[in-house]
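Below is one structure, written out as structure tokens; comments come after it.
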Amino acid sequence: MTLLELSARVLGVVGVMLVVASLVFVGPRRLREMRTNIGSRLREAGPAVAVLGGVLAINGFIRDVSTDLSQLIGVRITSTIHAIEGAFVGQIQTVASPALTTYFSNVYVYGYAFLMLFPLVAYLAIDDQRPMRELTVAFILNYGIGLLCYLAFIAYGPRNFMPDVVEPLLYTHWPRAQLLTSEINRNTNVFPSLHTSLSVTVALMAYRTRDAYPYWLPVAVFMAGSVAVSTMYLGIHWGTDVVAGLLLAVFSVAAAIRIREFGDRHDGIVRDRVDEFADRLR
Amino acid sequence: MSSGRAGVTRRKLLAGAATGAAGASAGCLDRLQALLGWRGGGQTTLRIKTLPADADPYGLRLARAVGEWLQAAGVDAQVIPTAEDELRRQILVNHQFDLFVGRTPDVPREPDTLYSLLHSTGVLAPGWRNPFGYSNAQVDDLLQRQRRATGQDRRDVVATLQRTIARTQPFSILGFPETIRAVRTDRFTGWERANLDSPLGYLALEATAEAAASPRTLRIGTTYQQEIQNLNPLSVRYRDNTILTNLLYDPLGRTVGSDRIEPWLADSWEFERRGEDLRATVRLRPNQRWHDGEPLTADDVAFTYGFIADTSAADADGFVPVPRYHGQASLIESVRATDLRTVEFAFTDCSETVARRALTVPILPEHVWQQRRRPATLGGVDVGGQVTEALVTKNVPAVGSGPVEFEEQPSSVELVLSRFDEHFLHRTDGGTFPAWMDGGLPFQQLVVQADVSDGILVEAAADGTLDAAINGIGAETVDRIVDAPALDLLTRPSNSYYVLGYNTRRPPLHNYQFRRVLGRLLDREHLADAVFDGYAEPAASPLAGTDWLPSTLEWNGDHPVLPFLGSDGDVAEERLQQAWQEAGFRYEGGRLLKR
């Protein structure tokens, strides 16, 4: 199986999950409404989503360059992390069983991708587009700060630091998953855990939107928890990375709310200025 | 009176007090200084650098085991996983390290290969030329003498050399791993005969009827991405593995069997000794061409030998030799092309056996490499390093004269080579050669694919995407190979061994007594079991497994010269304490002090 086939499989599985979740959590009524309102909603959320897309594209584009740059200017912190937490991840792996490994591998790959994408669908399906804008801004902050951390710190994950204590369970269970993960990230980029920070971001947003999606909240929290644990269980991240990811998520959501509110207050002003400017051009 | 006396007294007192204070303070400072000189310098700290587990199946595990033994011995030891490029820079170029765990270049186990690895003239040189910074007058002398001596004399010299190396430990051997491969036999057979570390191995393969029916493509996989991305036979590499460049470039002679060097690109050679002078006349095979169609002549050969001795331009200051071929270059006095097919070599003071080793350098086309004499630049900017374009170019596409030629590099993880039909193996008028070379390569195309892990490689071989997974497979993946019905497991002892390298430029590693204690902190038998899972042999000499090994260095369940200071992987406190003390080091309260 090549990378392409693997990506197709992930897209297929996540697609099915999205369809099922949309029917269950969003419901046919809101989905029908969404079809009629999608234009105006996209216009409202559009700019933030476009910036998010841009950040992702840049991230993908400069990944190799930034890894090389990181080798030059980055601080090596693997030993420090190890000094902080020791063989904690090895402790987690003592409960390993084939069933758990299968579960966490699937959570790490499919569950995570689903967790990232479903809120975008769910928040597009409600009238209030504020959660959508908050979520995208929070995603942008997560990625941007994460990228800076990857530039500033060089750290190898536990599987690459103490292979005698920590098994690379994802790759022993499913070797070809590494085709995908190595395409998405480099093995020196583990601090903080973006898997954790993005998942927790989704869970925090689920809490904020519990009125619109009451059943999504417990599911999102459970899945975010699973993703965070999976990164350690699979030997990919340190406990320290996960804690840092958690803090990054809290910060990103808090900041995103402020930014959205600031944007709402000044939305009119900016629009007026732009109109004025356009008038003068005419 | 009283007042006068009192005045005197007061004056005296004051004066006395002043002198006393000065005296007391001077005495105190002296004492303080004297005592400070005796103060201990804190705990000895050592950093061990190696590749992360993603890049090498054993390096990090070995380093971690060594780190634990060092900790047990009172050293503050830390393992630092480091990316391959960075390791090459830190260890082989800038010599910024205390200890490293890595693999030596894959060269035949032959005494003269130790020359460039350990001769003191390589202390400042980049690459695998004495990265340890080891300098030992006796070893230099023995390395020189083994080049001249013949017969039993040479045996004795080489035995003494090995014993001295074992005693002084410029590096400690952690084990000779077996190369683990997964092959399938539906399209190509003969794998068990083939030594895939040598291009000759590929000649021994045979295509089955199934492979013959389709386009004959042999697909092999490796985890060494650099192998595919960098086709420069001269570059400095941390993992010095040369299968592909060996297929793309031909040397005058190749090692056949264990240590016999036979004519390859050369049709024949004749050695002649006149007094001290050793000369050789080498005759090339007729009508040879480079992959780009240019004729290959004796001038290219003469150029190559001049080039590996100095890749810089004639008007540049100093020399920029090729570290990888320093051993060979140092055997040669001069090389001259006398006609299109004849080259005359004059050697330095050495025997014919050793001189033949000089003929194993890959021959380069002058019309390509002559332009690479300029200083290496970064985006057109001279970075001021003592390095030429020749040493840093990726050399893609490669133009050689070997049995395969470069076809394309569709991505950074795939390389397509094709059979070079003009090669002497594939022509009827290529001169004479022994029967085992007959027929040449059994494929039209060789596709080499790099994957991120050995697990993926083995899966790709199992489902038929690859015919063989040839490189970088660790013992942990053996079960996958055994469990796959389509795959055969092949193992073969490697010439490249894992070492714990010491930077002998730095204290306390400059002290051989210190290195000897470190050498005794390694339970190599335990490593062979626990890390290599039995797929490695412990050894006390780089020439282990050859008949050069003296009986005093034979492995007998433990290192014959530096037995482990404990048992079953655990260091024994009492023996450790004694060892440090005997070596002249202070070991107190479980800490090894700096002084």
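Quick note: numbers below take in every heavy atom, side chains included, and nothing from hydrogens, waters or symmetry partners. The model shown is predicted, which means the values in this text are computed figures rather than measured ones. By convention in this document, chain letters (A, B, ...) are assigned in the order of the sequence lines, proteins followed by strands, and residues within each chain are numbered from 1.
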Q) For B:A460, is it the side chain, the backbone, both or neither that has a heavy atom under 4.5 Å from a heavy atom of chain A? A) both

Q: Tell me the residues of residues 467-486 of chain B whose non-hydrogen atoms fall below 4.5 Å from those of chain A, in number order.
A: B:E476, B:R480

Q: Side chain from CB out, backbone as N, CA, C, O: work out which of these in B:D451 comes under 4.5 Å of a heavy atom of chain A, or both, or neither.
A: side chain

Q) Taking only residues two or more places apart in sequence or in another chain, which ones pass side chain to side chain donor-acceptor pair (under 3.5 Å) with B:R88? A) none

Q. Should B:D54 and A:Q178 count as side-chain neighbours, where that means a heavy-atom distance under 4.5 Å?
A. yes

Q. Please walk me through it: do A:H82 and B:V79 pass side-chain contact (heavy atoms from CB on, under 4.5 Å)?
A. CA-CA 11 Å; A:H82 180 246; B:V79 177; over 6 Å; no

Q: Tell me, for B:Q449 versus chain A, whether the close heavy atoms (under 4.5 Å) come from the side chain, the backbone, both or neither.
A: neither

Q) For A:Q93, which residues count as a side chain to side chain donor-acceptor pair (under 3.5 Å) partner, sequence neighbours excluded? A) none

Q.
Would the distance check show the side chain of A:N160 and the main-chain N or O of B:A53 forming a donor-acceptor pair, the cut-off being under 3.5 Å?
A. yes

**Q.** Heavy-atom contact with chain A under 4.5 Å, split by part of B:E459
**A.** both

Q.
My understanding is that only residues two or more places apart in sequence, or in another chain, count here; which of them pass side chain to side chain donor-acceptor pair (under 3.5 Å) with B:E86?
A. B:R89, B:Q90

Q) So what's closer than 4.5 Å to chain B heavy atoms on A:R159: side chain, backbone, both or neither? A) both

(Q) Can you tell me how far apart OG1 (B:T82) and CD1 (A:I154) are? Round to the nearest 0.5 Å. (A) 8.5 Å

Q | Greater than 12 external heavy atoms within 6.0 Å of A:I73's CD1 | A | yes

Q. Among B:A65, B:A55, B:G455, B:A63, which has the most heavy-atom pairs under 4.5 Å with chain A?
A. B:G455

Q: Test A:T78 against B:I80 for side-chain contact (heavy atoms from CB on, under 4.5 Å), laying out the working first.
A: CA-CA 8 Å; A:T78 321; B:I80 304 183; over 6 Å; no

Q. Got a sec: does the CG of B:D568 have more than 12 other heavy atoms crowding it under 6.0 Å?
A. no

**Q.** Part of A:Y171 lying under 4.5 Å from any heavy atom of chain B
**A.** backbone

Q: Look at atom CZ of A:F251 and say whether more than 12 heavy atoms of other residues, nucleotides or ligands are closer to it than 6.0 Å.
A: no

Q. If you measure from the Lys or Arg side-chain nitrogens to the Asp or Glu carboxylate oxygens, is any gap between A:R176 and B:D463 under 4.0 Å?
A. yes

Q | B:A83 to A:Y156 - nearest heavy-atom pair and separation | A | N-OH, 3.1 Å

Q | Donor-acceptor pair, side chain of B:R61 and main chain of A:P163, under 3.5 angstrom | A | yes

Q.
With a 6.0 Å cut-off (strictly less than), is the heavy-atom count around CZ of A:F88, excluding the residue itself, greater than 12?
A. no

